[in-house]
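Structure first, then comments.
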Amino acid sequence: MSLTYVNQILPSLFSGAWMTIRIFFWTLVGALPLGVLVSMGLRSRFSPIRWVLNFYVWLMRGTPLLLQLMFVFYGLPDVNIVFARYPAALFAFILNYAAYFAEIFRGGFAGIDHGQYEGAQVLGLTYTQTLRKIILPQVVKSVIPAVGNEVINLVKDSSLVYVIGLGDLLRAGNVASARDVTLVPLILVGIIYLLLTLVCTYALRGLEKHYSYYR
Amino acid sequence: MLELKNINKSFAQRKILNNFSMVVPDQQIVSIVGPSGAGKTTLLRCIAGLERPDSGSFLLDGQPFDPVEDRGSERKIGVVFQDFNLFPNLSVFDNIMLAPKMVTGQTTKQAREQVEPLVESLGLTRVVKQYPFQLSGGQKQRVAIARALAMEPAILCYDEPTSALDPTLRDMVGQLILDLKKRGITQIVVTHDQQFAEKIADQVVTVKPLNA
């Protein structure tokens with residue numbers, strides 16, 4: 001593993017890693033709020049909403065993300081919905097991850113004692129105020145470990161975008177490895193993934209610590 | 001003065017309250033006693049607007065009053081729950097300040113001016129920065145009382161205020177309720193403890209389980 005060779009391929013690996021990071025970041029930005037909304041819909045009193053959302057969650061968790069990516073990019077154009085590669089990837093990732101997040105948040109909401117709602121109600125708080133100031137902060141605290149698992153998964157799942165021709169970290173390594181007939185690029189890829197998940201792990205731990213001021 | 005007239009409430013097939021009537025005069029303490037399952041808590045939940053009675057009416061100072069619609073800054077009924085229902089994510093001070101700020105729309109400064117004397121009179125000054133999990137049962141209860149009083153309710157209701165307390169604290173909360181009465185606060189105390197009820201109340205209302 002000569003340093004010259006490593007220096008030669010690092011730029012292409014970094015540019016692949018940048019794609020990985022972009023998909024990771026925008027998926028979280030889209031899927032977390034969408035997951036919260038879906039989880040509230042799953043608890044709706046209006047049964048058609050629950051039915052539709054349960055179907056959505058079933059669909060997203062019941063089929064491979066790889067298949068969903070292919071479907072969005074290659075299948076949707078048949079019904080005149082055409083995405084470019086990158087938006088197609090984000091679209092599929094956000095819908096997929098929002099379903100997992102929704103189930104996690106649903107559990108978080110279910111874990112809040114009903115007395116919290118009543119305590120707020122007798123003080124005259126509206127439902128929205130209650131959610132914002134009392135319920136959501138407690139839900140967020142309780143779901144951090146489970147959401148953290150998905151976040152770590154997302155770092156690695158992002159490698160699936162190769163299937164629609166996007167150049168992410170793993171693909172950059174694959175290309176170099178096939179071209180130069182060496183495993184060195186793949187070892188570097190592994191190290192970069194480890195560093196990315198390490199950053200996530202520390203960020204999640206920091207978040208848990210931030211919320212540890214109460215029980 | 002709060003009047004309840006012919007309140008009825010059933011859950012599924014089981015009748016809990018049957019034509020229940022009572023009067024709560026201003027600045028008095030009315031205690032509602034009875035064994036568990038007699039409908040005391042259901043009655044309190046109806047008064048607090050947490051359950052809607054099947055039939056019957058409420059009058060507050062002679063005016064028709066619907067507890068379920070008793071909302072926002074004009075809310076008349078305050079409640080101290082059996083397990084207090086403090087908000088664990090907020091400090092003691094924020095637990096008490098939340099409603100005056102969000103519901104009444106007071107500024108932090110205005111709310112603080114109103115809340116601080118209350119905090120002091122309930123002996124909570126030393127714990128305002130703490131979180132509910134750091135408090136003893138008695139302290140939690142006083143925070144719950146302060147939180148309810150900060151909204152200046154016409155009537156303050158307690159659900160089993162002695163159940164989470166040891167005997168010494170039981171006497172202390174009894175004294176506290178009497179002190180609040182001296183300050184002109186009308187109170188309804190639901191308890192299974194007949195002795196406690198007789199010690200503090202101007203009027204003891206006994207409820208019995210139906211079809212038992």
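Heavy-atom basis, side chains included; hydrogens, waters and symmetry copies ignored. Values in this document were obtained by computation on a predicted structure and should not be read as measured data. Residue numbers begin at 1 in each chain, while the letters A, B, ... track the order of the sequences.
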Checklist entry - If you check every heavy atom in residues 95-120 of chain B against those of chain A, which residues fall under 4.5 Å? => result B:L98, B:A99, B:M102, B:V103

Item to check | Heavy-atom pair count under 4.5 Å with chain A, highest-scoring of B:D83, B:L50, B:L86, B:L90 | outcome: B:L50

Checklist entry - For B:F81, is it the side chain, the backbone, both or neither that has a heavy atom under 4.5 Å from a heavy atom of chain A? => result side chain

Item to check | Within 6.0 Å of NZ in B:K181, more than 12 heavy atoms from elsewhere | outcome: yes

Item to check | Enclosure of A:M40 CE (heavy-atom neighbours >12, cutoff 6.0 Å) | outcome: yes

Checklist entry - Counting heavy-atom pairs under 4.5 Å to chain A, which of B:M151, B:R71, B:Q130, B:R45 comes out on top? => result B:R45

Checklist entry - Which pairs with one or both residues in residues 106-163 of chain B pass ring-ring contact (aromatic ring centres under 6.0 Å, His included), sequence neighbours excluded? => result A:Y213-B:Y131

Checklist entry - Which bit of B:R147 comes within less than 4.5 Å of chain A, counting heavy atoms only: side chain, backbone, both or neither? => result both

Checklist entry - Above 12 or not: heavy atoms from other molecules or residues under 6.0 Å from CZ of B:R126? => result no

Item to check | Contact listing (chain B partner; residues 42-65 of chain A; heavy atom under 4.5 Å) | outcome: none

Item to check | Close approach to chain B in residues 96-132 of chain A, criterion heavy atom under 4.5 Å | outcome: A:D113, A:G115, A:Q116, A:E118, A:G119, A:A120, A:Q121, A:V122, A:L123, A:G124, A:L125, A:Q129, A:R132

Checklist outcome for this item: With chain A, the option among B:D94, B:N89, B:I77 that has the most non-hydrogen atom pairs under 4.5 Å is B:N89

